[in-house]
Amino acid sequence: FKQRRDQLQLAKLEKQNLEQQLEYLKYQLNPHFLMNTLNNIHALVDIDPELSKESIVELSKMLRFVLYEGNKPTVPLYHELDFLDHYITLMRLRYTDKVSITVNKPDELPNCEIPPLLFITFVENAFKHGVSYQHPSFIDISIQISDSQLKFSCRNSKIPNEEEHHGGIGLQNVKQRLDLIYGKNFTLDINNEPQEYNIQLTIPL
């Protein structure tokens, strides 16, 4: 009986530790994302004040999501994808027609939930490291759902002479979150080619 109690206590401690790690990683991600987004708006203020106002509106929608949804273990899938749409809308305001941005997702989404802020790091990195003002560049985002699985892919061009530091702390955090949440029930493939960078993530629904 004592051994059984010890096992239950150990399982409880492990569960508490897991929750604390998830909470820490989630809140570590949010300031990193907000810092980069505010830098984007700051760059717009002098160039086009009207666009900067639109950017602030889009940012307010994202902040609402982070404040009211980001602290939950899971959120509806359509909320997470709406959040991505607001971010991409914000980024479109900043770049010229030299940047091709495509987003493909199902017209109808299943009624399911996923961890919040799961995809934003990949998309943010694509804009940060794959978009150029001088050279034609692209970002292709795709979401496919089949057999109770979600397949997310983000492919972007690579800026000439860009240093090899794609990802940073944000990518480290999302990898750790995936490990803690899904264990071995996910796949994350990262292909760093000379001309493009491509990630593919598959998670269960």
Side-chain angles (χ1 to χ4, degrees), residues 25-72 75-105 107 109 114-143 152-174 177 196-199 201:
L25 291 171
K26 189 165 61 180
Y27 282 101
Q28 190 179 21
L29 174 66
N30 292 350
H32 178 255
F33 159 71
L34 292 175
M35 177 185 67
N36 287 338
T37 305
L38 287 171
N39 284 339
N40 291 339
I41 293 176
H42 180 265
L44 269 178
V45 170
D46 294 329
I47 300 171
D48 193 326
E50 289 303 316
L51 282 180
S52 67
K53 291 177 184 178
E54 293 180 38
S55 300
I56 291 170
V57 171
E58 292 300 322
L59 178 59
S60 70
K61 294 175 182 177
M62 291 189 292
L63 285 174
R64 190 176 299 115
F65 177 87
V66 171
L67 288 172
Y68 296 107
E69 305 287 343
N71 62 343
K72 298 177 181 178
V75 297
L77 175 60
Y78 69 91
H79 281 184
E80 178 74 8
L81 297 186
D82 281 347
F83 176 75
L84 274 186
D85 285 341
H86 293 314
Y87 180 80
I88 293 168
T89 298
L90 173 64
M91 301 306 288
R92 284 184 194 274
L93 297 174
R94 182 179 177 185
Y95 294 107
T96 67
D97 293 337
K98 285 188 176 181
V99 182
S100 171
I101 304 169
T102 60
V103 181
N104 294 306
K105 59 183 180 180
D107 293 330
L109 296 172
I114 64 171
L117 304 173
L118 195 59
F119 306 131
I120 185 62
T121 297
F122 302 119
V123 177
E124 184 186 15
N125 283 337
F127 278 101
K128 185 176 181 182
H129 301 294
V131 170
S132 169
Y133 287 103
Q134 290 79 29
H135 305 278
S137 50
F138 68 87
I139 295 175
D140 294 333
I141 298 167
S142 173
I143 293 122
F152 171 87
S153 69
C154 184
R155 189 172 66 95
N156 62 268
S157 53
K158 291 176 67 174
I159 301 173
N161 301 321
E162 172 76 5
E163 293 181 10
E164 293 293 330
H165 58 268
H166 203 300
I169 187 172
L171 187 56
Q172 275 187 336
N173 283 350
V174 76
R177 285 188 72 199
E196 68 176 52
Y197 188 90
N198 183 17
I199 74 98
L201 170 65

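The structure presented is a predicted model; accordingly, all values stated were derived computationally and were not measured. What you see below is based on every heavy atom in this structure, not just the backbone, and it leaves out hydrogens, waters and symmetry mates.
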Worksheet, complete the sentence: Here the pair of heavy atoms bringing Gly130 nearest to Ser137 is O-CB, 3.5 Å
Worksheet item: Heavy-atom distance under 4.5 Å between the side chains of Leu84 and Phe152, does that happen here?
Response: yes
Worksheet item: Given the rule in the side-chain contact (heavy atoms from CB on, under 4.5 Å) test, do Lys105 and Asp85 qualify, once you have shown the distances and angles that lead to the verdict?
Response: CA-CA 11 Å; Lys105 59 183 180 180; Asp85 285 341; 2.5 Å; yes
Worksheet entry | Point-to-point distance, once rounded to the nearest 0.5 Å, from CD1 of Ile199 to OG of Ser153 | 7.0 Å
Worksheet item: Distance from Ile88 atom CD1 to Phe127 atom CZ, nearest 0.5 Å?
Response: 5.5 Å
Worksheet entry | Donor-acceptor pair, side chain of Glu80 and main chain of Leu118, under 3.5 angstrom | yes
Item to complete: Could you tell me whether Asp46 atom CG has more than 12 heavy atoms of other residues or ligands within 6.0 Å of it?
Response: no
Response to the item:
Output for pair (Leu171 CG, Asn125 CG), nearest 0.5 Å, gives 6.0 Å
Worksheet, complete the sentence: dist Ser52:OG -> Leu59:CG (nearest 0.5 Å) comes out at 12.0 Å
Worksheet item: Please walk me through it: do Leu117 and Arg177 pass side-chain contact (heavy atoms from CB on, under 4.5 Å)?
Response: CA-CA 10 Å; Leu117 304 173; Arg177 285 188 72 199; 4.1 Å; yes
Worksheet item: Quick one: are Thr89 and Lys61 in side-chain contact, heavy atoms under 4.5 Å?
Response: no
Fill in: Pair Val75-Phe65, side-chain contact (heavy atoms from CB on, under 4.5 Å): steps then yes or no
CA-CA 10 Å; Val75 297; Phe65 177 87; 4.2 Å; yes
Item to complete: For Glu196 and Lys158, indicate whether the former's side chain and the latter's backbone hold a donor-acceptor pair under 3.5 Å.
Response: no
Item to complete: Could you grab the distance from atom CD1 of Ile101 to atom CZ of Arg92, nearest 0.5 Å is fine?
Response: 5.0 Å
Worksheet item: At what distance, to the nearest 0.5 angstrom, does CG of Leu77 lie from CD1 of Ile114?
Response: 5.0 Å
Worksheet item: Are Phe83 and His79 side-chain neighbours, meaning at least one heavy-atom pair lies under 4.5 Å?
Response: no
Discussion item. Thr121 vs Asn173, test: side-chain contact (heavy atoms from CB on, under 4.5 Å). Steps then yes/no.
Written reply: CA-CA 9 Å; Thr121 297; Asn173 283 350; over 6 Å; no
Practice prompt. Using a 4.5 Å cut-off on heavy atoms from C-beta on, say whether the side chain of Phe122 contacts that of Ile141.
Written response: no
Item to complete: Report yes or no: does Ser55 contribute a side-chain atom to a donor-acceptor pair with the main-chain N or O of Leu90 at less than 3.5 Å?
Response: no
Worksheet entry | Asn104 and Ser142: side chain donor to acceptor below 3.5 Å | no
